[in-house]
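Predicted model only: the values in this text are computed from it and were never measured.
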Amino acid sequence: MNNFIQYLGISIENLKQWFRKVWRRLMDNKRTRIVLQSILIAFGIISFMVLVAGYFLFFVPATSGSFIKRPPTASVSSQSNEDPSHTKVLMASEKELQQLRKKYDQLTPTQNFLVINTTYNLFYFYSNKELVREGFCSSGSYVQLKSHDEREWTFKTPKGRHRIQGKITSPVWRRPDWAFIEEGLPVPSGDHPSRYEAGVLGDYALSLGDGYLIHGTIYKRFLGMPVTHGCIRLADDDLEFIYNSLQIGSRVYIY
């Protein structure tokens, strides 16, 4: 038995020496050393990911229940039943809420109306107080322009409550002074032919007054962006739908 153990010890020592020689040879080879280091790094990363995944899959769900504070529903209900002032507050809040709902219902038109959101450049069309259609539009850019004669313009869409004041098919754009100044061109007389440009406003236009229109655009890729001189631009199909759905006097809310 002792001879066997002694032989086994010698064999283990020889095996250790052999592994050392093999390891040195591997380490002396630069390419092999890089491969081994990469394997060790990859093994470490995989082990770390397995530990993290195990933590979130097993440990967190098992312990999360102990950290969640659930509302004491029984105590709240009992408190509301015992405290008359709490009941009065609830009743007053419910009454105020009903009054607000009634006021909102009275202010909301039953006829078709349009809402323009200039922050996100979206439109919402309502019929019978229900949202029927929505989509992208373009509104004022808020760019400021100043001429050589000290005139100034800020291209913003007027906010507030408006009404449709006119409906036009195949509208022609009469270019104002700022359109020429913006392009660095001399401003022509009021009735000069260069003032009039067809085909840039789409097939329809709805007037909001003071020169502001809801119309189409040839720059459809800019829908959803604040790029206009104050008018509201719509896509062709949206414009046709709204033109046919709104009448003179219909309300338009812009905010």
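Between the R233 side chain and the I218 main chain, no donor and acceptor come within less than 3.5 Å of each other. A side-chain donor-acceptor contact under 3.5 Å links N244 to the backbone of E240. The backbone N or O of Q247 sits less than 3.5 Å from a side-chain atom of S250, completing a donor-acceptor pair. Using modelled atom types, one side-chain atom of T228 and one backbone atom of G140 make a donor-acceptor pair closer than 3.5 Å. A donor-acceptor pair under 3.5 Å is absent between the side-chain atoms of T154 and the main chain of K156, judged by distance alone.
Follow the hydrophobic side-chain contacts under 4.5 Å out from I41 and you reach M49 in the same cluster. Both F180 and L145 are part of a single hydrophobic cluster, where members link through side-chain heavy atoms under 4.5 Å apart. No path of Ile, Leu, Val, Met, Phe, Trp and Tyr side chains, each step under 4.5 Å between heavy atoms, connects I214 with I248, placing them in separate hydrophobic clusters. Under a hydrophobic-cluster definition in which Ile, Leu, Val, Met, Phe, Trp and Tyr are linked whenever side-chain heavy atoms come within less than 4.5 Å, directly or via other members, F123 and I164 are assigned to the same cluster. Y243 and F241 fall within the same hydrophobic cluster, defined by Ile, Leu, Val, Met, Phe, Trp and Tyr side-chain heavy atoms under 4.5 Å apart, directly or through other members.
Ion pairing between D177 and R195 holds under the 4.0 Å rule for side-chain N and carboxylate O.
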Would I116 and C137 count as a side-chain contact (heavy atoms from CB on, under 4.5 Å) here? Give the steps.
CA-CA 8 Å; I116 303 293; C137 64; 4.2 Å; yes

Take L122 and E134 through the test side-chain contact (heavy atoms from CB on, under 4.5 Å) and record every step on the way to the result.
CA-CA 7 Å; L122 297 169; E134 61 182 312; 5.9 Å; no

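Closest of all the heavy-atom pairs between H215 and A205 is CB-CB, 4.1 Å. Nearest heavy-atom pair across L223 and F136 is C-CB, 4.3 Å. Closest heavy-atom contact between G211 and C231: O-SG, 4.0 Å. The shortest non-hydrogen separation linking P171 to L201 is CG-CB, 3.7 Å. Taking all atoms of both residues into account, the shortest heavy-atom contact from D236 to K220 is OD2-CE, 3.1 Å. In terms of heavy atoms, T157 sits closest to S139 at OG1-CB, 3.5 Å.
Contact annotation: the side chain of P226 never approaches that of T118 to less than 4.5 Å [non-hydrogen atoms, C-beta and beyond]. The shortest distance between side-chain heavy atoms of L97 and R101 falls below 4.5 Å. Taking the side chain as every heavy atom from C-beta outward, W153 and R151 approach each other to under 4.5 Å.
Relative orientation of the F155 and H229 rings is perpendicular, given thresholds of 30° and 60° on the angle between their planes.
Side-chain N/O atoms of S127 and N112 include a donor and acceptor closer than 3.5 Å. Checked by atom type, the side-chain pair Y255/N117 shows a donor-acceptor distance below 3.5 Å.
The distance from the CZ atom of R163 to the CG atom of L208 is 12.5 Å, given to the nearest 0.5 Å. Once rounded to the nearest 0.5 Å, the distance linking CD of E182 with CZ of R175 reads 9.0 Å. To the nearest 0.5 angstrom, E94 atom CD is 11.0 Å from Q99 atom CD. Within the model, atoms OG1 of T108 and CZ of R251 stand 9.5 Å from one another, a figure rounded to the nearest 0.5 Å. Considering CD1 of I232 and CD1 of I254, their distance stands at 5.0 Å, rounded to 0.5 Å.
Judged by the 6.0 Å and 45° rule, K167 forms no cation-pi pair with Y204.
By the 6.0 Å contact criterion, OH on Y196 is enclosed, its count of non-hydrogen atoms from other residues, nucleotides or ligands being greater than 12. The number of heavy atoms from other shown groups lying within 6.0 Å of CG (D210) does not exceed 12.
The one candidate from Y126, Y124, F125 that meets the ring pair (Phe, Tyr, Trp, His ring centres under 6.0 Å) condition with F113 is Y126.
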